[in-house]
Amino acid sequence: MENNNLVKHSLIKKEDINPSQFTLSLLGEAYRLNILSLEETENIQMQIMSTLSERIMKFTRGESCSVKTETAENILLSIFYCIDAYLMSFDEADESIFTLQTKSIKNIYEEGLALAKTYANECRLLLAVVQQSKIDVELHAYNTTIDEGFSGCFDEYDADFSAHDTTANIDYPVLFDDATMCGISYVKQYLTKLNLENQFCGLLPISEINSLLNNYGSIYEFDYRDMLINIFQLVLSNSIFSLLLGNSAKKLSITKDECALLQDKLRPLNENDCYYLVEKAIEMIISELAITQPDLQNYMRKFKNALAKELMNYVKRSNLEKLIITTQSESIKTINIFEQGSKMDDDSFKDLVEEMLLCKSATDKFNIIKSDIQCLDDFIDILSADCIFDDEYTEIFSMLSDIELAMLVIKICENAPHIDILSASTDNMHLTQNEIVWQEKCISHLKSLSEDRIAEITKLSKSIQQ
Amino acid sequence: MSISYPDLVVNSFLKNIFGVKIMYEIIKFPFLPGANLDKVTISEIVKINDESQEYGLRLSEEDAKELIEVRNDTLKNYGRVEVGAGIIAKIIAKFCDSSYLWQANYTAALNELIETFYYIKNESLDLISDDELIDIMKDFFENSCRGSIELLQGRELEALARNLRYEIIDYRKMEEYSEVFEEEEY
């Protein structure tokens, strides 16, 4: 007998169905594709109305035949929510349609109602687990969501007449949140994911997590405690990078030098290599942390696509330090060349000015500055010493690094620290004519830079001021 | 169980309930065929003639249709949805033995009583059952109001609704609380 390999094709694709109006959208699509006849759709609608009628009588305990329109609408939404919950529990849309054709709406509603009640019970248990596995961080959104976000949510939940209505107050974002879900099923997926994230973070030293969050706050110049960030994503990313550097998965601190090293290491790789590296790193973390729970393993593996793609993009643009959370305090100190040395004595400074006056080009003057000047004050004095002229300023400023320019910004804005680069001015009666000249040249140079670079310099100047 | 939605209430559903309007437009068929339900209601109403004839009262099919229209308009105006079609029949059955109703004012009085019924359901925040409200209406109509629907709605039932809203246990007693409320409202 011939063996025919039949591939089953779904008539309706689940992605064509609007998940927030599942049943109605499914009926519309099934009717459009002639899977359901006019009579069948009409019959289904009549059954929904009949179910509404029964629920209204149950709501009034048979004592009243009429209710306010808003009450009826609320009950109808509740019915649709339960019907949706049951029909969405099938893998294929065709199965949902088959169920609509073979089961009564009343039965489907009752199955969905039972599901909603089960979800509520599962959520109650999940919340207790999440509260137990909560990690000790000061992230406000994380703490308030877990401690207070669900208070009364399950006790007040009324699956019978308001199944669609949940009162959870969720601020903290989980990594793979499913925003297409709503009501109690949304809360269930949220708590399930939060529990997995907590379990993972609980396997790492809390001091490492807290310093990682602190570093993250420093990078973005915000108090991390007030930020809406996902801890799991930050922790897992740095854990992966740590492994790629040959360190332990539990070591989350990465220096700027290590970041540069990783940049060099990854530069020759293509997208597939990058994907493979991230995949391998995740498997190594699973092994090192002895993670045996399949759900958590899969949740972690789900991150590889997003991270590998992002990693590749940052490596290509040679700015991996924007993706990796590096230890901040060390990095700023190592860059700040002007803080390394001491101030010159007056004679040495006079000699330096004379030497600069003899130079024929701005590059020569810059080389003298780089080799002889050891602190910021001397550099500022040189800028005002009448030994640099006209376009030489612009040339010298263009040879400075971001951190050096950031320090000049601090000097220019020292009387108005809240002013940003673009609105900085030399309108200050205490400035000498020479100071006004170099500051105006500097502001003009800064304004000619790209938006990204201005943002970076602004960020650095604020970091240094703190 | 059947369900009756005045057209405009259905329209409000179509506007408010997600997707129904879209589906309605796609499928293009009446969302709820109200005609059959109205036929049931008409026959229910006319059937009460067997009982009311004893008191010299009778409703024609036209009268029954008018009562249904008034009911539908009232539900729409007061923002209510009704399940089943029993309220009109219940009100007729209760009031048909009234000494203040005769054939000439029968249909008009029933129209006003139906409107009053839904008005008080809203005003009392649905804190009273249908049967009890109809009982109380009949009691006041026959006794303290002596057949005046104006007094029934404007004085007695307004006070009843207020007592219910204030969660007064003995809400049927009007005199004791009316002065207190008048002072408060003044």
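Not measured: the values here are computed from a predicted model. All chains are named by letter (A, B, ...) in the order of the sequence lines, taking the proteins before the strands, and each is independently numbered beginning at 1.
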Could you please state which residues from residues 117-146 of chain B sit under 4.5 angstrom from chain A, measuring non-hydrogen atom to non-hydrogen atom, sorted by number, or 'none'? B:Tyr118, B:Lys121, B:Asn122, B:Asp126, B:Ser129, B:Asp130
Members of residues 53-66 of chain B whose heavy atoms come closer than 4.5 Å to chain A: none
Please indicate whether A:Phe98 has more than 12 foreign heavy atoms, meaning atoms of other residues, nucleotides or ligands, lying under 6.0 Å from its CZ. no
Those residues at least two apart in sequence (or on a different chain) that pass side chain to side chain contact (heavy atoms under 4.5 Å, CB included) with A:Lys103 are A:Tyr86, A:Thr99, A:Ile108, A:Glu111
With a 3.5 Å cut-off and sequence neighbours excluded, list the donor-acceptor pairs that the side chains of residues 150-157 of chain A form with protein atoms.
{"unit_1": "A:Ser151", "atom_1": "OG", "unit_2": "A:Glu148", "atom_2": "O", "d": "3.0"}
{"unit_1": "A:Tyr157", "atom_1": "OH", "unit_2": "A:Ala163", "atom_2": "O", "d": "2.7"}

How many angstroms lie between atom OG of A:Ser66 and atom CZ of B:Arg80, to the nearest 0.5 angstrom? 3.5 Å
B:Val81 and side-chain contact (heavy atoms from CB on, under 4.5 Å): which partner among A:Thr71, A:Leu76, A:Thr69, A:Leu52? A:Thr69
